[in-house]
Protein chains: 4
Amino acid sequence: MPRGPRTRTNLLEATLVVAARDGYARATTRAIAEQAGVSEATIYRHFPDKLALFGSAVMHANAQVDEWFAGLPARAGEASVGDNLRECLHRLAGVKAEAIPLELAMLLDPELARSREEHLVAGADLTGPPAQLEAYLAAERSLGRLRGDVDPRTATLALLATLFTAAIGAGPTVDDCVELLVHGMLPPE
Amino acid sequence: MPRGPRTRTNLLEATLVVAARDGYARATTRAIAEQAGVSEATIYRHFPDKLALFGSAVMHANAQVDEWFAGLPARAGEASVGDNLRECLHRLAGVKAEAIPLELAMLLDPELARSREEHLVAGADLTGPPAQLEAYLAAERSLGRLRGDVDPRTATLALLATLFTAAIGAGPTVDDCVELLVHGMLPPE
Amino acid sequence: MPRGPRTRTNLLEATLVVAARDGYARATTRAIAEQAGVSEATIYRHFPDKLALFGSAVMHANAQVDEWFAGLPARAGEASVGDNLRECLHRLAGVKAEAIPLELAMLLDPELARSREEHLVAGADLTGPPAQLEAYLAAERSLGRLRGDVDPRTATLALLATLFTAAIGAGPTVDDCVELLVHGMLPPE
Amino acid sequence: MPRGPRTRTNLLEATLVVAARDGYARATTRAIAEQAGVSEATIYRHFPDKLALFGSAVMHANAQVDEWFAGLPARAGEASVGDNLRECLHRLAGVKAEAIPLELAMLLDPELARSREEHLVAGADLTGPPAQLEAYLAAERSLGRLRGDVDPRTATLALLATLFTAAIGAGPTVDDCVELLVHGMLPPE
DNA sequence: CATGAATGAGTGTTCATTCAT
DNA sequence: TATGAATGAACACTCATTCAT
């Protein structure tokens, strides 16, 4: 890997590490540069400002699951809905474990509300994994494998919200919460 | 109301307003003092530091629903579980609307993790409304009005997680998300 | 003792205690009021400002030795010069032990240079104990009990300077330092 | 001289200038930065905090006389003791004139008592010029050029104490005070 | 006489960002 | 490409002081 892109990747991962370890408020340019082993000025060779760095870091983390989620809607009808959803959340919670704190912090910032694009939730249309998840749920519903009165958008958000419990380190795992939702979404046998 | 306590209350409510409007990061002592119509120094006559102010603000917001939640466990068996839970979340989402951003932001801060006491979720034992909610669910389960394999703690956290969707202003309401969970928790008819 | 003057005395002594214990920089109105067991506002019932409080505190401490020093010049010719000087410094170091830090700190402050009146050293004329000490030395010199080339003003300052060693807690006692000076001031036998 | 070190030196000298001119209490980071012609933030690129700046400033001033004092003990037996001591104090008073107010102020601060290392006086062992002066006096005493009952440590502190008279701008010069001490230390002819 | 409440001016310190090298 | 040096603006917090009660 050539030097330029490697430094860029270092910075993205350093951002995720610092935000997950020290919290959003302490994810300063200084801490990130130190974690990446470069100078602060180097950040600005690769990103126009701190916000762009954070946004890119979240996208970078998402990229690892994007591929799997891209194929998700096509799997409607396969296996069982419960297993599929469990795997969805499991992947999101596991692979993006370090990205969630940063993502939530950005989500909570009203000033950042406008630049939400590739993030967890968008105002009108979902994108990335959430969008694929919504599409998958819609497909399953039209196959009759989901209760008819379940709104795919609502279900998607409810499922994603369970990731929040992981971010704050509460006792039960994400899996436990998902279980409850799955029960509520499946059609009566 | 005498002058001292009134200023204190002003500050608590100004803190909630600013945090909800401008975000946690921009809830500076300056902005809060301005919102409250007092000087910054006045903050420090009423609270030892900013963290204590924030903690007190969250407690102040919680106090408004604490009374209602205190009577919640005793209502197990009355009305329907679904209606009760819907009212719970409705009250939390409605009355504490302005406190949620602050509460979540504090929850996400690893350095604040130790001083979590009267907040949304505590490591081992829940306190405040969440604790009452957990007790209520346990009571309903022993009445057979809840599926036996539902863990009250898990269900509590899953329900509270739906409040997150309100904080980020996503489309569906909290009520919609709660509906799904309720379906998953009720025993088969 | 009536209530007013007692509070005033409390404040003067609290000032000396706090300055000696915590240093000049931490001798704030808050700390002094707390030590005295009164409110900060009470300070301003008894003194126009903090500077006046500090000046009065030094005078208050000096007052305890003023009486003895007033009779010092008249004792020229009695006992031995060495014993007399030793007693002088012993009294200053002992009785004013807690006042020295405050006095030195005020002396070192250029802005306070103008308001020096009843303090350790004044630009032109000495006052208080230092003035009496200077007068005593002049009297001894005219009696031939001091070397003729010893300048009373210089000797006074040199003796007082040894108090500085006490303030910083250095090993040797003031007595040890005075001994050296006495040797240098006595006439050849 | 490259840019970095030059700024650092500027800051050290600005610190001495401001402390000598305005007093320790008014030697704020703002005033020092202005005197040095840089921004306040620049201070923190060169020193971790204000205390480190002040400590370094005192060391910087001492460095100018350290070299001369390093060779002092080896000069025992040369010239006359009186001339040697006069030169010692003359150098300390002259070259470090601007450092003395800062050094004394730090010495008087009880909270700084622990970080005293390269300063005027240390609890157990002297360092820097004072240490060399003590060693020199011990050497002269073993040569019989000092009275046998003079303790080198005590004599050192007594000599250094005379510098205090310079700091407060009292009339007589340091030289005058030293003269008295020298008389008291020399052996009878 | 005493104080609880309030504050304007200031403190040391940190931040994201720029720029000459 | 990368960085050491620098900074304006902002931060949480403290100070001596005032005033209505």
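Protein chains get the first letters and strands the later ones, always in sequence-line order, with residue 1 at the start of each.
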| task | Whole angstrom is fine here: how far is it from CZ in Phe54(D) over to P in dT11(E)? | result | 12 Å
| task | Indicate, with a heavy-atom threshold strictly under 4.0 Å, whether Thr28(B) touches base, sugar-phosphate, or nothing. | result | sugar-phosphate
| Non-hydrogen side-chain atoms of Leu108(C) and Tyr24(D) separated by less than 4.5 Å | no
| note | Rounded to whole Å, CD1 of Ile32(C) lies from C1' of dT3(E) at a distance of 18 Å
| remark: Winner on side-chain proximity to Ser39(A), out of dT7(F), dG4(F), dT17(F), is dG4(F)
| query | For the pair made of CG in Asn10(C) and P in dA2(E), what is the distance, rounded to whole Å? | reply | 10 Å
| Counting side-chain heavy atoms from C-beta on, which of dC13(F), dT7(F), dA2(E) comes nearest to Thr42(D)? | dT7(F)
| said: So, OP1 or OP2 of dA6(F): does either fall under 4.0 Å of a side-chain N or O from His46(D)? | reply: yes
| query | Which one, dT17(E), dG4(E), dT3(F), comes nearest to the side chain of Ala41(C)? | reply | dG4(E)
| task | Indicate yes or no: at least one non-hydrogen side-chain atom of Ser56(D) is less than 4.5 angstrom from one of Leu53(D). | result | no
| task | Please tell me which of Glu40(A) and Pro48(D) maps to the more 5' nucleotide of DNA chain E, matching each residue to the nucleotide holding its nearest heavy atom. | result | Pro48(D)
| query | Mind checking whether Phe47(D) and Thr29(D) have side chains closer than 4.5 Å, heavy atoms only? | reply | no
| request: Describe the nucleic acid contact of Arg30(D) in one word from base, sugar-phosphate, nothing, applying a heavy-atom distance below 4.0 Å. | output: base
| message | So, does Tyr44(D) get its side chain near the phosphate of dT13(E), meaning an N or O under 4.0 Å from OP1 or OP2? | response | yes
| query | Between the base of dA5(F) and the side chain of Arg3(D), is there a donor-acceptor distance below 3.5 Å? | reply | no
| Where is the tightest heavy-atom contact between Gly55(D) and Met106(D), given as atom of each residue plus distance? | N-CE, 4.0 Å
| note | Of the listed dA16(F), dT13(E), dA12(F), the closest approach to the Thr29(D) side chain comes from dT13(E)
| said: Please report the distance, rounded to the nearest Å, between CG in Asp49(B) and C1' in dT13(E). | reply: 17 Å
| query | Given that Val38(B) and Arg45(A) both sit by DNA chain E, which one's nearest nucleotide is further toward the 5' end? | reply | Val38(B)
